[in-house]
Amino acid sequence: MSTYFPTQLLPKTARATLRGLEIGGVSVADLVEKYGSPLLVYDEEHIRDRCRNVLSAFPDGASYAAKAFLCRSIARLMASEKLGIDVASGGELAIALSAGLSPADMTLHGNNKSRSEIEAALEVGVGRIVADNYDEVDRLEHLAAGIKVSPRVLVRVNPDVTAETHKSIRTGHKNSKFGVAITDNSAEVLVRRIKNSKHLYFGGVHVHIGSQMIDLDPLTRAIRLCAEFAKMVSAEELIVGGGVGVSYQNRDVSPSITEWGNAARGATLDAGFGGRLLAEPGRVLIASAGVTLYTIGTIKLGANTNILAIDGGISDNPRPAMYQARYQPLLVRNPFISSDSGPFTLVGKNCESSDVFGSDVDIPGDPRLGDLICLPVTGAYSYSMASQYNGLGRPAVVMVNRGESRVVARRETIEDLLRLDEVA
Ligand SMILES: Cc1ncc(COP(=O)(O)O)c(C=O)c1O
């Protein structure tokens, strides 16, 4: 049986050393000793590298989809790399503002933006608002007239293309709740409505058909259809969303950022669209920049399965429960994998049977009680979708770079769990 270091799943600066796994020049075992377990660790160099890849694939510009993971440090890091930021609620907007980002570099999303969310965006002067539907444009126009501003409004269109991905993260098919259809004339009517408004400025077209897409063909088809539409309505810009998939296990094959950029550019050229082409990635920027470290607390050896239980679970990363996601666990002191299936099932400590992170996995190095497990590719849609289920509280998040580590989100405490409870 051959074992190897899974470079393709780990952050750029990850190394196997005599002391086990190291990221950003820091031993991850030392990080757990210092900050506790479980712990989410991000590699700053990896994120910066990805940002540069995205901007060379999309030279007209790109924004970071903050829903993948947002805290002030990440927002500032993205801004320092010249990315804008896409926020999907008043809460995300407030976090980005509190990080000191320029409102002009923000895009407000959402399929049901409230009056107060729109007002907040208009008052600070958010650079783009992506309108999802007719009701919202009415609301937007009324509020813009009251505040006396003329926001730049894009229309989110639905191209009726089904992404090859988990059904819960498809967003461009016929019955999706997102956007207005280009297949009948709804999107065209909405664009006309915006162009005819004294208070709104029509900025362009937006499309996002899904997330974790490994096959670029449906995405390319969708971009082409939307670019044809953008050309027809004389849009200044087309934002093609995000959606590019990443490898979660060693057998996965995923497209590169360059391939994505080339496919998007090819599709817009084919459609004859001459405006700006912008992107809005989340997962591909930060998923593999992050790893979560857990401690094994229970081992059950059985006839068919050997269960390893760690000190976190779907409360800090709900992807296994939501999308049946599976990961490639590594032992921190021996961070190698074998391509063979193996005897272990890695489970969390939440009270759900869907709390499974890896099944039939091999974990070379004879895992023992107290060993640290590293779950690679947990940088996107894990912490941002985490909950306080079972009162576990969310882990601390640290960023590592050139031998230094710093906390970017502290661990949730019992006091935090009680913070919203009724006053005693
Ligand atoms: C509007 C929009 N843009 C961008 C993204 C980012 O997608 P991903 O993280 O798959 O790149 C999403 C994710 O759902 C989205 O809804």
Side-chain angles (χ1 to χ4, degrees), residues 47 50-51 53-55 57-58 61-70 74 78 83-89 92-93 96 106-113 117 126-133 136 153-159 161 163-173 176-180 204-216 218-219 222-223 226 237-248 252 254-257 259-261 263-264 277-290 318-319 322-323 325 377-385:
I47 300 174
R50 288 293 168 113
C51 290
N53 285 347
V54 164
L55 284 181
F58 291 90
S63 293
Y64 168 57
K67 65 202 72 163
F69 170 63
L70 180 61
I74 284 282
M78 296 297 174
L83 264 72
I85 192 154
D86 133 23
V87 293
S89 71
E92 287 186 354
L93 172 63
M106 298 181 189
T107 303
L108 179 67
H109 275 288
N111 70 309
N112 182 18
K113 301 175 192 66
E117 287 173 320
V126 154
R128 295 181 180 90
I129 298 184
V130 178
D132 177 89
N133 55 68
E136 197 176 284
V153 181
L154 283 81
V155 171
R156 175 151 181 181
V157 298
N158 176 336
V161 173
E164 284 281 322
T165 189
H166 191 280
K167 63 179 178 355
S168 303
I169 42 177
R170 289 179 191 146
T171 55
H173 53 291
S176 164
K177 69 171 182 170
F178 298 101
V180 277
V205 173
H206 182 285
V207 61
H208 173 80
I209 67 161
S211 197
Q212 184 51 18
M213 288 181 278
I214 296 300
D215 180 0
L216 287 181
L219 181 57
I223 294 174
C226 295
E237 57 189 24
L238 170 65
I239 304 184
V240 296
V244 174
V246 299
S247 303
Y248 282 95
D252 298 343
S254 52
S256 71
I257 291 172
E259 284 166 336
W260 173 37
L277 173 66
L278 305 165
E280 205 172 61
R283 191 185 308 266
V284 83
L285 279 175
I286 58 158
S288 54
R319 294 189 66 259
M322 293 175 76
Y323 315 127
V377 206
T378 50
Y381 304 105
S382 53
Y383 188 93
S384 64
M385 298 203 291

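Start at 1 and go down the list; that is how both ligands and their atoms are numbered.
- With hydrogens and angles ignored, the 3.5 Å screen pairs a side-chain donor or acceptor of Gln212 with a backbone N or O of Val246.
- Considering backbone and side-chain N/O atoms, Gly242 never comes within less than 3.5 Å of an N/O atom of ligand 1.
- Taking the side chain as every heavy atom from C-beta outward, Val180 and Val155 approach each other to under 4.5 Å.
- The side-chain heavy atoms of Ser247 and Val377, taken from C-beta on, include no pair separated by under 4.5 Å.
- For the pair Gly241 and ligand 1, the shortest N or O to N or O distance does not fall below 3.5 Å.
- Listed by number with element, the atoms of ligand 1 under 4.0 angstrom from any heavy atom of Tyr381 are 6 (C), 7 (O), 8 (P), 9 (O), 13 (C).
- For ligand 1, one of its N or O atoms has an N or O atom of Glu280 under 3.5 Å away.
- Closest to atom 8 (P) of ligand 1 among all protein heavy atoms lies Gly243 N, 3.4 Å.
- Proximity of a side-chain donor or acceptor of Tyr381 to a complementary backbone N or O of Ala287 within less than 3.5 Å is not detected.
- Side-chain atoms of Arg283 do not come within 3.5 Å of backbone N or O of Gly245 as any donor-acceptor pair.
- Assignment of Pro281 to the shell around ligand 1 is supported, since a heavy atom sits closer than 4.0 Å.
- Across the listed options Arg283, Gln212, His208, His208 owns the non-hydrogen atom lying nearest to atom 14 (O) of ligand 1.
- Here Ala65 has side-chain heavy atoms under 4.0 Å from ligand 1, and that is the only part of it that gets that close.
- The proximity of Asp86 to ligand 1, defined as any non-hydrogen pair under 4.0 Å, is limited to the side chain.
- Considering only non-hydrogen protein atoms, atom 2 (C) of ligand 1 sits nearest to Lys67 NZ, 3.4 Å.
- Side-chain atoms of Glu136 do not come within 3.5 Å of backbone N or O of Asn133 as any donor-acceptor pair.
- For ligand 1, the atoms sitting less than 4.0 Å from at least one non-hydrogen atom of Gly282 are 6 (C), 8 (P), 9 (O), 11 (O), numbered in the order shown with element in parentheses.
- The shortest side-chain heavy-atom distance between Asp252 and Ile214 does not fall under the 4.5 Å cut-off.
- Residue-ligand proximity, His109 to ligand 1, at heavy-atom distances under 4.0 Å covers atoms 1 (C).
- Lys67 contributes no side-chain N or O that, together with a main-chain N or O of Asp86, makes up a donor-acceptor pair within less than 3.5 Å.
- One N or O on the side chain of Thr171 and one on the backbone of Gly210 form a donor-acceptor pair closer than 3.5 Å.
- Asp132 places no side-chain N or O within donor-acceptor distance of the main-chain N or O of His109, the cut-off being under 3.5 Å.
- Looking at ligand 1, you won't find any N or O of Arg156 less than 3.5 Å from one of its N or O atoms.
- Contacts of Phe178 with ligand 1, taken as heavy-atom pairs under 4.0 Å, are absent altogether.
- The contact set between ligand 1 and Ser211, taken as ligand atoms under 4.0 Å from a residue heavy atom, comprises 8 (P), 9 (O), 10 (O).
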